[in-house]
Amino acid sequence: MTTKQTPSTLQKMGLDTPMALALHLPSRYEDETELLNIEEAIHQGRFSAAQTQGVVIRNQVLFRPRRQMVVTIEDETESLNLRFLNFYPSQQKQMAVGSQIRVRGEVREGFQGPEMVHPTVKAVAAEAPLPTSLTPVYPASAGVSQTILRKAVTQALRDPSLQDSLAEFLPKTLMAELLPSNDWPNLQSAITYLHQPPAEANTQALLERTHPAWRRVQFEELLAQQISLKRAHAIRRERHAPSFVKVTGNEKSIETGLEGALPFKLTSAQNRVWSEIGGDLLKSFPMNRLLQGDVGSGKTVVAALAAARVIDQGYQAAVMAPTEILAEQHYLKMREWFEPLGVQIAWLSGSLKAKEKKLSQDLIESGQAQLIIGTHALIQESVSFAKLGLAVIDEQHRFGVRQRLEIQQRVGSELFYCHQLMMSATPIPRTLAMTYYADLDISVIDELPPGRKPITTKVVKASRRDEVIGGLQSWLSKGFQAYWVCPLIEESEVLQLQTAVESFEQLTQALPGFKVGLIHGRLKAEEKASVMAAFKANEIQLLVATTVIEVGVDVPNAALMVIEHAERFGYAQIHQLRGRVGRGSADSVCILMYAEPLSMAAKERLQTLRETSDGFVIAERDLSLRGPGELLGAKQSGDAMLRFVDLQRDAWLIEIAQQAADRLLQEHTDLVERHLERWLGSRAEFLKA
Ligand code: ADP
Ligand code: MG
C-alpha cells in the first residue's frame with residue numbers, strides 16, 4: 001500500500017479529524033507488554049497467544065503438501081518453528097537466517113515439535129524495549145492496516161486541539177450527584193485509557209465495555225442522545241396542529257355512524273388506546289404516536305375511528321401503507337365502513353394510470369376527498385392536500401427514513417402540521433420504548449379480540465413434505481382454506497419466483513379437485529388484487545404465495561399455513577405471516593417446514609416460534625439480535641446516534657442520562673449546545689429534521 005492512498009481511506013471511514021480518531025475506540029487489545037523466553041512461550045502459548053523473541057537459525061521453503069515456509073528461531077532456552085502457509089519474498093528477507101525477530105501467536109504441536117502458525121512478526125534489535133501499554137486493535141475496513149490506524153490515532157491523541165475538544169465541562173456537582181460511582185475518569189483520561197490501557201488493566205472489563213473508562217464514554221454519548229430527543233419533543237410542542245373535539249349529539253356524525261355500524265364491540269385495550277389517541281387529537285400540537293398491537297389485534301378500526309373524528313370536523317384523513325397489497329386491504333376495509341356513511345374516499349397508488357391518478361389528485365387537492373388511502377404515492381407524487389388533519393402510517397418502519405421526512409415536509413407548512421399516527425405489529429419491548437423513544441408516545445393493544453383460537457405451530461422436516469401435503473388435502477376437504485408460503489430468497493427475486501412456481505405446479509397436481517392460486521411480487525397490482533379477491537371469495541382454496549402476503553391480508557376461513565424453508569425467515573417475518581391465520585373461529589395451524597442442516601440460530605428461532613406466539617416475547621428475542629433501530633426505523637430510534645452504548649447491556653445508564661439531560665436543559669443551557677456538538681456534530685441535524 002502506498003502512503004498516498006492512506007488519507008483518503010481514513011477519510012472514507014470518517015476519520016478525518018483528531019476528534020474522530022480519538023473516538024475511534026479499539027474493539028480489543030493484544031498484550032505485547034510481556035516477553036517470554038522461548039521455553040516459557042512454548043508452555044504459555046498453548047493456552048493463549050504468547051510473545052517471544054529469538055534469532056533465526058533456519059529458513060526453509062518446503063513443498064509438503066504444498067508450498068510453505070518454515071522458520072526456526074532459537075534463544076538460550078529453546079528453539080521454535082514458525083510455519084507460514086503463504087508468504088511474500090519480503091517476509092523471507094525479514095526472516096533470513098541470523099535476523100532477530102519478535103513473534104506473537106499461539107503454540108500447537110506440529111509434526112516437528114511445537115510451532116506457531118502465522119504468528120505476527122516484527123524485526124527487532126535484541127534489546128528493543130517492550131511497549132508499556134496494551135496494543136489496541138481497531139475496527140478497520142479494507143485497505144487500512146492496524147499499523148496505519150495506530151499511528152493516526154497516536155498522532156491525534158497528541159494533537160493540541162484535542163485538549164479543547166475533550167475538555168471537561170459537565171459540572172462537577174451534577175456529576176457527583178448523578179453518577180453511580182466516583183471512580184469514573186474524566187472524558188480525556190477515559191479516551192486515552194481506552195486507546196492505551198496499561199499492561200495491568202482489567203482486559204475483561206475493557207472487552208465487555210463495562211470498565212469505568214467505557215462507562216464514562218457511554219454516559220456522555222447517551223446524554224447527547226437524550227438531550228436531542230428531549231429537544232425534538234420540545235420542538236414538536238411548539239408546533240401547531242388543529243385540535244379535534246368529539247362531535248356529540250349529532251346523529252349524522254361519521255364517528256357515531258361508524259360506531260353504530262361496527263359488527264363487534266371494541267376490546268378494552270382498543271378502547272384504552274382510542275382514548276389515548278383521542279386525547280392527542282384534542283391538543284393543539286401534532287400527535288406523534290405509535291400504535292402497537294400484535295398481528296390481528298385490531299389496529300385498523302382504531303385508526304378508522306380517529307379518521308372519522310377528523311373528517312367530522314371538515315378535515316381530511318390519509319392512510320398510508322408500505323405495499324400496494326396492504327394499502328389495498330385498507331382501502332377495501334375502509335370503503336366497507338365509510339362509503340355507507342357518505343364519506344368520499346380517494347385511492348392513490350403508483351400503479352394507477354395517469355388519468356386515474358390525476359383524478360385522485362384533483363379530489364385530494366380540492367378537498368372533496370375526505371379519506372385518502374394509498375401507498376408511497378401519497379408522498380412521492382405531486383399531491384397536495386386541501387386540509388389534512390391526520391396521517392395514519394401503517395408499518396411505518398418499512399418506509400425509508402427519507403420518505404418519512406418527506407411526509408413531514410409535505411403535510412405541514414411552517415404554521416401547521418397534521419397529527420401522525422404510526423401503526424406497527426412489530427412490538428418494541430415496553431420498558432425500552434418508554435425510556436428510549438423520548439419523542440414518540442406509545443399506545444399498546446395488548447389483547448386480541450375475543451373468540452380467537454390460539455395458533456398451533458408445528459416444526460416439520462422438509463423430507464416429510466408428502467405427509468404435509470396429505471394433511472393439507474384433508475384440511476381442504478373440510479371446506480377450509482390454506483396458505484402455502486414460499487421461501488424468501490434474498491439473493492435472487494427470479495429464483496424466488498421460480499420456487500414459488502414450482503411449488504404451485506406441484507401442489508396443483510397433488511390436490512386435484514381444489515383450486516390452487518399463485519400470488520407473488522412480480523404480478524401487476526390488479527392481478528394481485530384479483531387473486532386475493534378470488535381467495536377471499538373461496539374461489540381459490542389454496543394460495544401459494546411469496547412473502548407479499550406478509551402483512552394485512554385478512555381471510556378468516558384460511559386457518560392453515562405452511563411455510564417452506566422456514567429456517568430462512570426471521571422472527572418477525574414468521575410471526576407476521578403466522579398472524580394471517582387464527583383470524584376466524586377455526587383451530588389454526590402453522591407448519592414450519594425446514595431443510596437441514598439447521599444453524600444453531602435457526603434451530604433456536606424455530607423452537608421459540610413453536611413455543612410462543614406472544615409477539616412481545618418474540619420481539620425481545622429479535623431485539624437482542626437486531627437492535628431497535630431496525631425494528632422502528634432509524635430516525636425514530638435515534639439508534640444511529642449510539643456507537644458505544646448497547647441498549648440491553650447498558651439499559652440502567654439510560655435513566656441516569658435522562659436525569660442528567662433534564663438538569664442540563666434546566667440549569668446549564670449554555671453547555672447543551674457544546675455537548676451536542678461534541679457528540680453528534682453534523683449528526684445533530686438528523687434528529688432535528
Ligand atoms: P391488525 O392489528 O393486525 O391490523 P386488524 O385491524 O386487521 O388487525 O383486525 C383483525 C381482524 O379483527 C379484522 O377482521 C377486524 O375486523 C377484527 N376485529 C378488530 N377488532 C375487533 C373486535 N373488537 N372484536 C372482534 N373482531 C375485531
Ligand atoms: Mg393491520
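In each ligand, atom 1 is the first atom listed, and ligand 1 is the first ligand listed.
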Ligand 1 contacted by Gly293 (non-hydrogen, < 4.0 Å): no
Per-atom contacts of ligand 1 with Leu266, taking only distances under 4.0 Å to non-hydrogen atoms: 23 (N)
If you measure from each heavy atom of Lys333 to ligand 1, is any distance below 4.0 Å? yes
Would you please name every residue forming a ring-ring contact (aromatic ring centres under 6.0 Å, His included) with Tyr331, sequence neighbours left out? Trp347
Under 4.0 Å from a heavy atom of Lys265: which atoms of ligand 1 are those, numbered in the order shown and with their elements? 22 (C), 23 (N), 24 (N)
Which ring-ring contact (aromatic ring centres under 6.0 Å, His included) pairs, counting each pair once, include a residue from residues 296-321, with sequence neighbours left out? Phe244-Tyr315
Looking at Tyr417, I'd like to know if the NZ or CZ of Arg239 sits under 6.0 Å from its six-membered ring centre while staying within 45 degrees of the ring's axis. yes
Number the atoms of ligand 1 from 1 as they appear, then name those within less than 4.0 Å of a heavy atom of Thr300, with their elements. 4 (O), 5 (P), 6 (O), 7 (O)
Just do the salt bridge (Lys or Arg N to Asp or Glu O under 4.0 Å) check on Asp441 and Arg236 with the steps written out, would you? CA-CA 12 Å; Asp441 297 309; Arg236 176 159 65 90; 3.4 Å; yes
Can you tell me how far the CE atom of Met593 sits from the CD1 atom of Ile563, to the nearest 0.5 Å? 10.0 Å
Contact check: Gln270 vs ligand 1, nitrogen or oxygen atoms, below 3.5 angstrom: yes
Atoms of ligand 1 less than 4.0 Å from Thr267 heavy atoms? 23 (N)
Lys/Arg N to Asp/Glu carboxylate O, Arg465 vs Glu564, below 4.0 Å: yes
Sub-4.0 Å atoms of ligand 1 with respect to non-hydrogen atoms of Lys299: 1 (P), 2 (O), 3 (O), 4 (O), 6 (O), 8 (O)
